[in-house]
There are 4 protein chains.
Amino acid sequence: MPDKKILIIERAVELFAKNGFESTSVQEITSACGISKGAFYLHFKSKESLLFSIFEMFIDRAIKKISNVFELEIAPKDKLELFLCIQFEEIDQYSDFILMLLREQTKPDDRELFVLMQKMDQHLNNALKTLLVEAYGEDINKHVADMTVIIKGIIKGYIELIVLSSQKFDFKKLANFLLPRIDSIVLGLTTPYLEEDSLLTICYKKTT
Amino acid sequence: MPDKKILIIERAVELFAKNGFESTSVQEITSACGISKGAFYLHFKSKESLLFSIFEMFIDRAIKKISNVFELEIAPKDKLELFLCIQFEEIDQYSDFILMLLREQTKPDDRELFVLMQKMDQHLNNALKTLLVEAYGEDINKHVADMTVIIKGIIKGYIELIVLSSQKFDFKKLANFLLPRIDSIVLGLTTPYLEEDSLLTICYKKTT
Amino acid sequence: MPDKKILIIERAVELFAKNGFESTSVQEITSACGISKGAFYLHFKSKESLLFSIFEMFIDRAIKKISNVFELEIAPKDKLELFLCIQFEEIDQYSDFILMLLREQTKPDDRELFVLMQKMDQHLNNALKTLLVEAYGEDINKHVADMTVIIKGIIKGYIELIVLSSQKFDFKKLANFLLPRIDSIVLGLTTPYLEEDSLLTICYKKTT
Amino acid sequence: MPDKKILIIERAVELFAKNGFESTSVQEITSACGISKGAFYLHFKSKESLLFSIFEMFIDRAIKKISNVFELEIAPKDKLELFLCIQFEEIDQYSDFILMLLREQTKPDDRELFVLMQKMDQHLNNALKTLLVEAYGEDINKHVADMTVIIKGIIKGYIELIVLSSQKFDFKKLANFLLPRIDSIVLGLTTPYLEEDSLLTICYKKTT
DNA sequence: AATGAATGAGGTTTCATTCAT
DNA sequence: GATGAATGAAACCTCATTCAT
């Protein structure tokens, strides 16, 4: 990837995060990069395709980081803790942009973005499932959907706090605090609310 | 409130939910209402003030519903369960619009929207705190920040599922399922991660 | 003329004077009158016809005032002095509106307004001519065009000062000061610059 | 200054002169220039800033012309005559636009335009004062305010004639005709009406 | 007579995108 | 590769005028 393209992506991430996708003009991006408006279109077919590229890059990073966790030879619960920690770190770093992604919906024809999002989400879910089974045994399988939703929800809860407040957080300590909470929940589980495979069958709503 | 104004709000909620605030034109809204562009401005000073009105209306509804819970004479844990249930119902009904609110950032000068959001959030936090103390006693106080984040996170987790999937969910059953999970967590609590009053000191980031 | 119509004219004169014709909306006028927008159109065919009415009224006033001067039985030079004085008084009272009339050109199809303006101007010129002949004898006739332009110019010069400054001026004293200046000029006249009837042949430019 | 920008200014001067500022749309200007509406905003931040640019350009021209008079080594009265002549020439060329400037009031926040107008006016007043003192000696000083108002008034009187009629005028001859009139007035002066420095203390009215 | 909701043309401005240089 | 002038569609908003009540 050419330097110029990377430059554009970096500046765009900042601007999209700060002002939102729709409210950031190509002019602003190219000005921030010190290049001409025309140069933008040498690297990206459209403003939307830039968003796609950013998203893609971002997902690649996340997937790579998660893979790293699985390659480590440590105790299952330590892996789970590390997973939580990485989520916090990663999202903290790109929190503004992530918020933007959550906020903006862009055009109705960005089916491709949804595909990417689903791909990313599936990947996260699978990783979490594997970690849960490693940590709590095969019995967790029938609770895996609920536990995924709960854990991801708790992560999001703290992430929102992190994003909205301006303090610095100790993610290692936070992950270490959350693991016993997850333990508690798992221990108390009886009848699941969600079906085991309900997360697989989710179809992201069309936005026509 | 005049019928026409209500009509505009209803249609706008749908359109904003579907396409986002920035991507929905006043033209689209008025077309959907079967009125002229000019008529819009009889009821709202600007497109942004419409967003504000919607938000206001939405918050009023939510606060009223929560108040109703507190007025009931039922067991504390039942109140908590009812609170969860109401959150799911309410948010389910306006899920798309809520997603939009999360997504869009609108203009940098909408300080007023942030004030409303903070007001709403404070209200929710207070309600939850009261319910937790009623249900688990004064000892929960030092864990109240963590428990608030965790419970709101879990709610959000399931809500995202509800919003993104097209299935119907049984909110009563879901609330009934979650209460024991919360019990488990509370029972297992030892040292808090967050300070007791850390939620009060959050200052919503400026978006200059 | 119905009270309501007079009320509208009065308020409109103020608003036009303050903000200009184009920048004053019918809404503003009716609000200032405490009547409905519809009521406006009961009295005036259009916003432009209101301007016409105002103008008409204004000219009637001026012509009447000038007539009064001629009916007085005083020395010719005193008449001239009184004429100057009345010009200052009248224009001072409606200075803002007059400025507006000078400033705004409104639509290209307001031929009628120009006709009125010409009528008014002719009337002033005739009055001035009569006064000059009375005061300086028939010999002034061949200088009457120049003297008209010069006197009206001087009046305008002081009026501009009056309008732009916020001080109060003593118009009687001013007229009394100007009369000797006019005397001086008349005394010094040799060859006219303008032809005697050049003011009659002026055709207000078309503004198509 | 780019050709396109000059083109826009030239056409705009004509259109503003013909129809007024408020009544001339950006669309009309760009159509007259044979460019797109967007192109306009490449050169001017807004329609109002165009007016400002025009005004600025116009004032620069006038000040430069006046400076030229002072640099000439000719008799003081000839300078005064030349000054009058230049005023007529200059204003004749841009008469329509000047009328528009007098007519329109534009927005209440155009303080900057007023500053420019005042600057221009002060410059004219100073030039005239210098010329009067050179031509009539220091004794004229106590009459300088009155003479300024009178001379500018007379200029305006003839200019209005020039602007409104469609004839061509011989400005040299006109200036030559007016100089003796000024002589007459100066000779006859006794007690001034205005204080010596009353023109300096004029504060252009606010247009809130 | 009086209202004021409704209209819709037209205003200024923005901005993604193209293309000759 | 790189530029930036040019485009023109589309955005938000205003306002003179009409008309059912």
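Proteins get letters first, then strands, A, B, ... in listed order; numbering begins at 1 in each.
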* Asked: Which sits closer to the 5' end of DNA chain E, B:Leu42 or D:Val26, going by the nucleotide each is nearest to?
  -> B:Leu42
* Closest nucleotide of DNA chain E for D:Lys47 versus for A:Tyr41: which of these residues is on the 5' side? -> D:Lys47
* Asked: Quick one: how far along DNA chain E does chain A reach, first to last nucleotide 5' to 3', anything under 4.0 Å to a heavy atom?
  -> E:dA16 to E:dT18
* **Contact nearer the 5' end of DNA chain F, comparing D:Lys4 with B:Glu28** => D:Lys4
* Residue-phosphate contact under 4.0 Å: A:Lys37 side-chain N/O, F:dG4 OP1/OP2 -> no
* Could you check if a side-chain atom of B:Glu14 sits within less than 4.5 angstrom of a side-chain atom of B:Arg11, using non-hydrogen atoms only? => yes
* **Atom of A:Ser23, atom of B:Glu22 and distance for their closest heavy-atom approach** => OG-OE2, 2.7 Å
* To do: Give a yes/no verdict on a cation-pi contact between C:Lys45 and C:Phe52, requiring under 6.0 Å between NZ or CZ and the six-membered ring centre and an angle within 45° of the axis.
  => no
* Hey, does B:Ile9 have a side-chain heavy atom less than 4.5 Å from the side chain of B:Phe58? -> no
* Report yes or no: is the cationic atom of D:Lys47 (NZ for Lys, CZ for Arg) under 6.0 Å from the centre of the six-membered ring of D:Phe40, at an angle within 45° of the ring normal? => no
* Spacing between B:Ile35 atom CD1 and F:dC13 atom C1', to the nearest angstrom -> 14 Å
* Quick one: C:Leu15 CG to F:dA16 P, roughly how many Å, whole number? -> 12 Å
* To do: May I have the distance from C:Gln27 (atom CD) to F:dA16 (atom C1'), rounded to whole angstrom?
  => 11 Å
* Tell me: CD of C:Glu22 to P of F:dC15, nearest whole Å? -> 11 Å
* Asked: Any side-chain heavy atom of C:Ile63 within less than 4.5 Å of one from C:Ile59?
  -> yes
* Asked: Considering only heavy atoms from C-beta outward, does the side chain of D:Leu50 approach that of D:Phe16 to under 4.5 Å?
  -> yes
* Base, sugar-phosphate alone, or nothing: which one does C:Lys45 contact when heavy atoms must sit under 4.0 Å apart? -> nothing
* Asked: Is there a side-chain contact between D:Leu42 and D:Lys4 (heavy atoms, below 4.5 Å)?
  -> no
* pair B:Gln27-B:Ser31: side-chain heavy atoms closer than 4.5 Å -> yes
* Under 4.0 Å between any heavy atoms, over every strand shown, what does B:Thr24 touch: base, sugar-phosphate, or nothing? Just pick one. => sugar-phosphate
* Reading DNA chain E 5' to 3', how would its secondary structure be written in dot-bracket notation, given Watson-Crick and G-U pairs with both distances under 3.5 Å, brackets [ ] for crossing pairs and | for partners on other strands? -> .||||||||||||||||||||
